[in-house]
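What follows is one structure encoded as structure tokens, with my remarks underneath.
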Amino acid sequence: MSLRRFAVTMLLVCIAVTHRAAAQSSEIAAGVKAGDAHDLEGARRHFEAALAHDPGSYEANWRLALLLIDIAKQFPDNAPSPTRDTLYVHAERYARRAVAANDNGAEGHFALANAIGRSVLSMSARDRVKRATEVRAEALRAIEIDPHHDGAWHILGRWNAEVERLSALQRFYAKEFLGASVFNAASWDEAERDLRLAVKYAPTRIVHRLDLAEVLIWRKKWSEAKVQLDAIAAMPATDVSDPSYKRQAQTLEGTVGKKVHE
């Protein structure tokens, strides 16, 4: 191949790569816009199109993982749903791709912790314990990269709370027979601290305040729980799941209000 022909070939390759990158960037931007408008299926099509241009894209993978989780959350957790469970499996796969593409990205580790935590609905006790350990590790990795990551603090707070809600027998079984010694690190103090940090770093996220209120209720801190529930009542619904979160908060408000005035 002559030098001139080689130069032309390389120029064409560079043009093709640039075009593909521009097309992918455009699809991601369109996906974000659709997600912000609560058009979840539209956002999904755009992120999948972005991955068609580059399957290894870090941003497209973590964004699609989180989007699939949002779609799956529209199905009730208290009833069997193969569609929901499949969405969580796909979300985990995309999140793992994101982490493989960029281990130093907080969003990838957050998406993976989120997906793993939500994919345990139909698993055995042993698998649930194993997954719980991985959820904590991924959330901590996200926080290590970005100490102000509200989502990762939220996951860590929920992890502490869910372990603390286990009965003494369940915790003993998990630690002694399933190797979950990491459960010793869980505490209500940590759950409250982590969720307060989530609220601090993203005060307009309703879900942070809702889960913090639930932890405060478990700790019988009625007045402090009411502060969070009152804040939720005054906040607009911006996330696709916010109407559901606001209804949950309203249900809790009645019980908390009575306790405050006892």
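Values below: all heavy atoms of this structure, side chains included; hydrogens, waters and symmetry mates excluded.
With respect to the salt-bridge test (charged N to carboxylate O, under 4.0 angstrom), the residues D70 and K73 qualify. Note on E134 versus R96: salt bridge recorded, some NZ/NE/NH1/NH2 to OD/OE distance being below 4.0 Å. With salt bridges taken as basic N to acidic carboxylate O contacts below 4.0 Å, one links D189 and R219. Taking a cutoff of 4.0 Å between a charged side-chain nitrogen and a carboxylate oxygen, E214 and R158 do not qualify as a salt bridge. For R193 and E190, the salt-bridge test passes: some basic side-chain N is under 4.0 Å from an acidic carboxylate O.
The minimum heavy-atom distance between A185 and R136, with the atom names listed, is CB-NH2, 3.7 Å. Contact between A43 and G35 at its shortest, heavy atoms only, is CB-N, 3.7 Å. Across all their heavy atoms, A95 and A65 have their closest contact at N-CB, 3.7 Å. Shown here for A50 and I28, the closest heavy-atom pair between the two residues is CB-CG1, 3.7 Å. Shown here for D146 and A106, the closest heavy-atom pair between the two residues is CB-CB, 3.8 Å. Shown here for A115 and A91, the closest heavy-atom pair between the two residues is CB-C, 3.9 Å.
Interatomic distance, H149 NE2 to I155 CD1, rounded to the nearest 0.5 Å: 8.0 Å. The NZ atom of K246 lies 13.5 Å from the OG atom of S241; values are rounded to the nearest 0.5 Å. Separation of atoms CD (E107) and CD1 (I145) is listed at 10.0 Å; rounding is to 0.5 Å. Separating the OG atom in S57 from the CG atom in L51 is a distance of 6.0 Å, to the nearest 0.5 Å. Between the CG atom of D39 and the CD atom of E41 there is a distance of 8.0 Å, given to the nearest 0.5 Å. Distance check: I71 CD1 to H90 NE2 gives 11.0 Å after rounding to the nearest 0.5 Å.
Between F110 and E138, every side-chain heavy-atom pair lies at or beyond the 4.5 Å cut-off. With contacts defined as side-chain heavy-atom distances shorter than 4.5 Å, the pair E192/K221 qualifies. Between Q228 and D211, the closest side-chain pair of non-hydrogen atoms is not below 4.5 Å. In this structure the side chain of I116 never reaches within 4.5 angstrom of the side chain of Y88, judged on heavy atoms. Considering only heavy atoms from C-beta on, K226 comes within 4.5 Å of E253 through its side chain. Annotation: side chain of N61 is not in contact with side chain of F47 (no heavy-atom distance under 4.5 Å). The shortest side-chain heavy-atom distance between L156 and L140 falls under the 4.5 Å cut-off. Side-chain contact between R209 and M235 is present, with at least one heavy-atom pair separated by less than 4.5 Å.
Both L40 and L87 are assigned to one and the same hydrophobic cluster, defined by single-linkage of ILVMFWY side chains at heavy-atom distances under 4.5 Å. I232 is connected to Y245 through a chain of hydrophobic side-chain contacts under 4.5 Å among Ile, Leu, Val, Met, Phe, Trp and Tyr, so both are in one cluster. Hydrophobic clustering of Ile, Leu, Val, Met, Phe, Trp and Tyr side chains at less than 4.5 Å, counting indirect connections, keeps L197 apart from I206. Hydrophobic cluster membership differs between I217 and V227, with clusters built from Ile, Leu, Val, Met, Phe, Trp and Tyr side chains linked at under 4.5 angstrom. Criterion: ILVMFWY side-chain heavy atoms under 4.5 Å apart, direct or through other members. Under it, V163 and I143 are not part of a common hydrophobic cluster.
Distance alone, capped at 3.5 Å, is enough to place a donor-acceptor pair between the H38 side chain and the T238 backbone. A distance-only check finds no donor-acceptor pair linking the side chain of W188 to the backbone of V215 [under 3.5 Å]. For R247 (side chain) and D242 (main-chain N/O), no donor-acceptor pair under 3.5 Å exists by modelled atom type. In this structure a side-chain-to-backbone donor-acceptor pair under 3.5 Å is present from W153 to P147. In this structure a side-chain-to-backbone donor-acceptor pair under 3.5 Å is missing from N102 to Y58. Here the side chain of D103 pairs no donor or acceptor atom with the backbone of V99 at under 3.5 angstrom. Checking side-chain atoms of R44 against main-chain N and O of L67 turns up no donor-acceptor pair under 3.5 Å.
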message: Test side chain to side chain donor-acceptor pair (under 3.5 Å) on D150 and H208; report intermediate values, then the result.
response: CA-CA 8 Å; D150 63 288; H208 295 341; 2.7 Å; yes
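Tested against E92, the residues L112, I69, N114 include a single side-chain contact (heavy atoms from CB on, under 4.5 Å) partner, L112.
Shown here are the side-chain hydrogen bond (donor to acceptor under 3.5 Å, both in side chains) partners of Q248, two or more places apart in sequence or in another chain: S244.
Residues N104 and R141 have side chains that bring a donor and an acceptor to within less than 3.5 angstrom of each other.
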